[in-house]
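The structure under discussion appears below in the form of C-alpha cells.
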Protein chains: 2
Amino acid sequence: MTSVSTEPRDTDGPTPATAPTGGSAAQRERRRRILDATITLAAEGGFDAVQMRAVAEQAEVALGTLYRYFPSKIHLLVSALAREFTKDVDRSAIRATPGDTAHERIMYVLNRRTRALQKQPKLTEALVRAFMFADQSVTGEIHEVGTSLTTVIARAMHGTPTHGEVTEEEAAIIRIISDVWLSALISWVTGRMDEKDVEKSIDVAVRLLLR
Amino acid sequence: MTSVSTEPRDTDGPTPATAPTGGSAAQRERRRRILDATITLAAEGGFDAVQMRAVAEQAEVALGTLYRYFPSKIHLLVSALAREFTKDVDRSAIRATPGDTAHERIMYVLNRRTRALQKQPKLTEALVRAFMFADQSVTGEIHEVGTSLTTVIARAMHGTPTHGEVTEEEAAIIRIISDVWLSALISWVTGRMDEKDVEKSIDVAVRLLLR
DNA sequence: GACTGATGTAGAACGTGTTACAAGTCTAGA
DNA sequence: TCTAGACTTGTAACACGTTCTACATCAGTC
C-alpha cells in the first residue's frame, strides 16, 4: 500500500507480466487473451460493458488472475489503448505520410486516426473515458500512449518515417496539437461535438500553430 | 430514459431544483447545503471521499433526496464545479484585468485560477476527474463550465470587463487555450506535470497562438 | 379542519469493482 | 521423483453508487 516509489512496478511481489514482454509464453498468451476480451467487450457495449467478471470469463482466466495482470479496470483499459496506439506507431514507421505540407500531413494522420475511432464509438468511449479517469498509478501506461501520439505527429510533421530530431518549439506545438485532439475526442465521445467539429477544431489549431 | 431533447431538464417528472434558481426557499437551501458538503468532502479527501451517503449525511438530507437533486455523483461534482467557476466569472466582471498585453492578461487570469486550484489539490482532483468522466447526460452542466471559462479568457484578452464581441479567430484561439489549460490541469492532477510545467505549457500555447 | 399530491426520510436491496482466501497446478531444482 | 514456491482457480465477501419501498410531512384546495 505504501507504493510511493517513483516506479510503480515490482514493489511488493511476484506480479507477472505487467509489461507486454516478459513472462512465460503462457503468460504472454493470457495477457493477450485478456486484452482481446477487453477490446471485444468495449467495442460491443462501451465502458460499462467492460465488467471485470465478464472480461475474466471471456478471456478464460479467473478473476484473481485478471487482477494479478491488471490491478484495476482503468489499468486494463489504458493498457488496451496503449496496445492499439502502438500498432499505429509501427504502421507510421513503414512509409512516408502523404501530403505536401506539414499541415496536410498532420491532418492526414490525425483524421485517419479520428475516423478509425469514430467507426467504433463504443470502443472509443471506453478507452477515452478510462484514459481521462486514470490516476497517478497509471502513469506508465499513460505515458506510453502520449509517446505514441507524439511520435506519429512528429513523423507526419517532417514527412519522413525516420525519427528525426524535433526542436523545442516543434515539441511544444506537437503537445498542443495532442491536447486539442484529445479534448476534441472527449467532446465527441460525450456528444458535445460531431465528427465535423472534431476535424475543424484540429484543423484550426494546426493552422494557427504552424503559420 | 428517452431524454433525447436538447434540454435535459423537466422531461419526466417533478424533479426539483436542478437549476440553481427556482424551487422553494427550503429547496434552494437544501441545494446549497448539498453542494457545500460536496466541496467540503472533496477538499478533504478528493474524489473517493465524496461518497453519496456521506454527502447526504453532512448536508442533512436523505440519500433519496440527494439523488432527487443530483441524479448521480458526477452531476453533483460537476454542478459544484460550475458553481465555483460562476463565482469567478462574476469576479472578472467587476474590474479590468491587469496586464499590458493580451498575453499578460490571459496568463494573469489563468495563473491565478491555476494557483487557486493548486492550493486545494484534493478538491481539484475531485472536480477535474468528475468533469472528465462526465457523459452525455451532464451536457448542461459541462456547457456552463465551458462558457464561464471562455468568458473569463475573452475578457482578459480584450482587457475590459465588458463583454465585447469576439471574432471567429479569437473564439478559436480561446477554445484552444481552454483545451491546453484543461489538459495541463489533468496532467497536474494525475501527477504527470508539476506547477511549473502547467504554467509553462499554457504560456507557450498563448505565445504561439497570439503571435 | 380534512383530503391530495408532491416532497422528504429511513433503510433495505442490488450491481459491479475490488479484495481475501483456500485449494489445485505448474515449474525449477535437489 | 520429490519438494518448495510461484501461479492459477473458484468463490465468498466487502464497499460504494444507485434504485426501490414504505411511511412521514408539508402546501394548497375544498
Side-chain angles (χ1 to χ4, degrees), chain A residues 1 3 10 12-18 22-34 37-38 41-42 45-80 126 129-130 133-135 137-138, chain B residues 1 10 12-18 22-34 37-38 41-42 45-79 126 129-130 133-135 137-138:
Chain A
M1 292 303 169
S3 62
D10 290 337
D12 58 27
T15 305
T18 297
S24 69
Q27 284 174 336
R28 283 197 304 277
E29 171 66 12
R30 268 191 211 96
R31 188 187 148 93
R32 188 191 58 71
R33 284 208 312 274
I34 291 171
T38 302
L41 288 168
F47 187 86
D48 291 340
V50 181
Q51 299 183 358
M52 299 305 269
R53 290 173 181 82
V55 171
E57 186 180 359
Q58 177 149 344
E60 299 183 87
V61 298
L63 188 56
T65 304
L66 172 53
Y67 272 95
R68 178 183 275 271
Y69 280 70
F70 300 96
S72 78
K73 175 170 173 171
I74 299 296
H75 280 84
L76 175 59
L77 279 164
V78 176
S79 297
R129 301 214 16 226
F133 203 62
D135 70 350
S137 72
V138 201
Chain B
M1 295 300 168
D10 290 337
D12 58 26
T15 306
T18 297
S24 69
Q27 284 175 335
R28 282 198 304 278
E29 170 64 15
R30 266 191 212 97
R31 187 187 148 92
R32 188 192 58 72
R33 284 208 311 275
I34 292 171
T38 303
L41 288 168
F47 187 87
D48 291 340
V50 181
Q51 299 184 0
M52 299 305 269
R53 290 174 180 83
V55 171
E57 188 180 357
Q58 177 149 343
E60 299 184 84
V61 297
L63 189 55
T65 305
L66 172 54
Y67 273 96
R68 179 184 276 271
Y69 281 71
F70 300 96
S72 78
K73 174 171 173 170
I74 300 296
H75 281 84
L76 175 59
L77 280 165
V78 176
S79 297
R129 297 198 41 210
F133 203 62
D135 70 350
S137 72
V138 201

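In the text below, chain A, chain B and the rest are named by the order of the sequence lines, each starting its count at 1. Values below: every heavy atom of this structure, side chains too, minus hydrogens, waters and symmetry copies.
Across all strands, B:Val50 comes closer than 4.0 Å only to sugar-phosphate atoms, never to a base (heavy-atom distances). Nucleic acid contact class of A:Glu60 (heavy atoms, under 4.0 Å, all strands): sugar-phosphate only.
Listed pair A:Gln27 / D:dA6 fails the phosphate criterion, with no side-chain N or O lying under 4.0 Å from OP1 or OP2. For D:dT8, the OP1/OP2 oxygens have a side-chain nitrogen or oxygen of A:Tyr69 closer than 4.0 Å.
For B:Glu57, there are no side chain to side chain donor-acceptor pair (under 3.5 Å) partners at least two apart in sequence or on another chain. Checked against ring-ring contact (aromatic ring centres under 6.0 Å, His included), A:Phe47 has the following partners two or more places apart in sequence or in another chain: B:Phe133. The side chain to side chain donor-acceptor pair (under 3.5 Å) search around A:Ser72 returns A:His75, not counting sequence neighbours. For the side chain to side chain donor-acceptor pair (under 3.5 Å) test, no residue two or more places apart in sequence or in another chain qualifies with A:Arg53. For A:Gln51, there are no side chain to side chain donor-acceptor pair (under 3.5 Å) partners two or more places apart in sequence or in a different chain.
A:Leu66 has its CG atom 13 Å from the C1' atom of C:dT16, to the nearest Å. Across the protein-nucleic acid pair, A:Tyr67 atom OH and D:dG10 atom P stand 17 Å apart, rounded to whole Å. Between the P atom of C:dA10 and the CE atom of B:Met52 lies a distance of 17 Å, rounded to the nearest Å. What separates CZ of A:Phe70 from C1' of D:dT8 is a distance of 16 Å, to the nearest Å. Rounded to a whole Å, the CG atom of A:Asp48 is 12 Å from the C1' atom of C:dG17. Rounding to whole angstrom units, CD1 of residue A:Ile74 and C1' of C:dT18 are separated by 13 Å. In this structure, A:Leu77 atom CG and C:dT16 atom P are separated by 16 Å, rounded to whole Å. Here the C1' atom of nucleotide D:dT8 and the CD1 atom of A:Ile34 are 11 Å apart, to the nearest Å.
Of the candidates D:dT9, D:dG17, C:dT18, the closest approach to any side-chain atom of B:Gln51 belongs to D:dG17. Closest to the side chain of A:Arg68, from the set C:dG8, D:dT8, C:dT18, is D:dT8. The side chain of B:Thr65 lies closest to C:dG8 when the candidates are C:dT19, C:dG8, D:dG17.
Side chain of B:Glu29 to main chain of B:Ala26: no donor-acceptor pair is present (N/O by atom type, distance under 3.5 Å, no hydrogens or angles).
Nearest approach of B:Ala42 to B:Ala126, heavy atoms of both residues: CB-CB, 3.8 Å.
Between A:Lys73 and B:Arg33, the one whose closest nucleotide on DNA chain C sits nearer the 5' end is B:Arg33.
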Show the distances under 3.5 angstrom between N or O atoms of the protein and N or O atoms of nucleotides 11-14 of chain D.
unit_1	atom_1	unit_2	atom_2	d
D:dA13	N6	A:Arg53	NH2	3.3

